[in-house]
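A short write-up of the structure that comes next.
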Amino acid sequence: MKVIVILLLFAAPSFNFLIKYLNYKNRNAPIPGNVQDIYDADTYQQRSAYDMENLRLGVIAGICRLLLMSVFLIFNLHSLLHSLISKYTAHATVQACFMLGIPALAGFVASIVFNAVGTFMIEAKYGFNKTTIKTFIGDTAKNLIFRVVTFCSALALFLYLYSLIGNKGFIVVFLALALLVVLATALSPYLMRISYQFTPLPEGPLMNKL
């Protein structure tokens, strides 16, 4: 069973890596004819180099995430975490949040490193970075708090429903998650304003074309 889970874990990222490889393979392709009036050759090559650096960083980050998840599965670290927290509390929700939250937190910490590299090295290299270290730390903290609250709340809700209605709790949680995805999509413009500032596009040729 563990082997099947690991294979499924690698299936989707492997397809994603294949798509990225095909994009990287065509990194030196000439500028397409339908955008020659928008990009000059130098600007196009610079944009292509920028995209390729982000692509390479994304591949490395994806491999690290896969390795991290594989380590937790192969070495049964979830079981070890459960045994550890069971020494201090018998509360099922606390145990589940600790057992599943630590791997998620490890992945989040790894993502911070790659986000920092992308922001302060790649984005800065091409003149796109407007983020200060203070802003980066603040946004990361907000993101972490939001994830912890939503993760623990969703897990607590699932365990509560499972204790009430058993396996039907999976169906209820699935429908609830589907509803949350719809709500998150609808509310994303408002949620993004928590971390980002948006200004209206000024009047001009671009505004008129849009």
Spell out, yes or no, whether [X] and [Y] are grouped together once hydrophobic residues are joined by side-chain heavy atoms under 4.5 Å, including indirect joins.
| X | Y | value |
| --- | --- | --- |
| V182 | L175 | no |
| Y162 | M99 | yes |
| L155 | I165 | yes |
| L77 | L67 | yes |
| I102 | V71 | yes |

For [X], does the [atom1] atom have more than 12 heavy-atom neighbours from other residues, nucleotides or ligands under 6.0 Å away?
| X | atom1 | value |
| --- | --- | --- |
| R56 | CZ | yes |
| Y160 | OH | no |
| L179 | CG | yes |
| Y126 | OH | yes |

Requested in this report: Using the side chain to side chain contact (heavy atoms under 4.5 Å, CB included) rule, take F17 and I63 through it: C-alpha gap first, then chi angles, then the decisive distance, then the call.
Outcome: CA-CA 9 Å; F17 290 154; I63 292 173; 3.9 Å; yes

Taking distance alone, no hydrogens or angles, what donor-acceptor pairs closer than 3.5 Å link side-chain atoms of residues 113-121 to residues at least two apart or in another chain?
from, atom 1, to, atom 2, distance (Å)
N115, ND2, S111, O, 3.2
T119, OG1, N115, O, 2.8

Requested in this report: Give the intermediate values and the outcome of side chain to side chain contact (heavy atoms under 4.5 Å, CB included) for residues L161 and K168.
Outcome: CA-CA 8 Å; L161 290 173; K168 292 181 180 178; over 6 Å; no

Requested in this report: Check the angle between the aromatic planes of F72 and H78 and answer parallel, tilted or perpendicular using the 30° and 60° thresholds.
Outcome: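 The arrangement is tilted - the two ring planes meet at 30° to 60°.
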
**Report entry** Partners meeting side chain to side chain donor-acceptor pair (under 3.5 Å) with T132 (sequence neighbours left out)
**Finding:**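 Testing T132 for side chain to side chain donor-acceptor pair (under 3.5 Å), a comparison that skips the adjacent residues, returns T135.
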
How about [X] and [Y]: do any of their side-chain heavy atoms sit closer than 4.5 Å?
| X | Y | result |
| --- | --- | --- |
| L105 | R147 | no |
| F98 | H82 | no |
| I122 | F128 | no |

**Report entry** side chain to side chain contact (heavy atoms under 4.5 Å, CB included) between N208 and E203, intermediate numbers included
**Finding:** CA-CA 7 Å; N208 294 333; E203 294 291 338; 4.3 Å; yes

Query raised in the report: Do any N or O atoms from the side chain of Q95 and from the backbone of T89 form a donor-acceptor pair under 3.5 angstrom?
Result: yes

Where is the tightest heavy-atom contact between [X] and [Y], given as atom of each residue plus distance?
| X | Y | value |
| --- | --- | --- |
| L100 | F151 | CB-CZ, 3.6 Å |
| A96 | L159 | CB-CD1, 3.8 Å |
| L81 | P103 | CD1-CD, 4.0 Å |

**Report entry** Check against side chain to side chain contact (heavy atoms under 4.5 Å, CB included), Y88 and V94
**Finding:** CA-CA 10 Å; Y88 301 96; V94 176; over 6 Å; no

Rounded to the nearest 0.5 Å, how far apart are [atom1] of [X] and [atom2] of [Y]?
| X | Y | atom1 | atom2 | answer |
| --- | --- | --- | --- | --- |
| T185 | L180 | OG1 | CG | 10.5 Å |
| I19 | S14 | CD1 | OG | 12.0 Å |
| L68 | L73 | CG | CG | 10.0 Å |
| I112 | D139 | CD1 | CG | 11.5 Å |
| T140 | I133 | OG1 | CD1 | 11.5 Å |
| H91 | I85 | NE2 | CD1 | 11.5 Å |

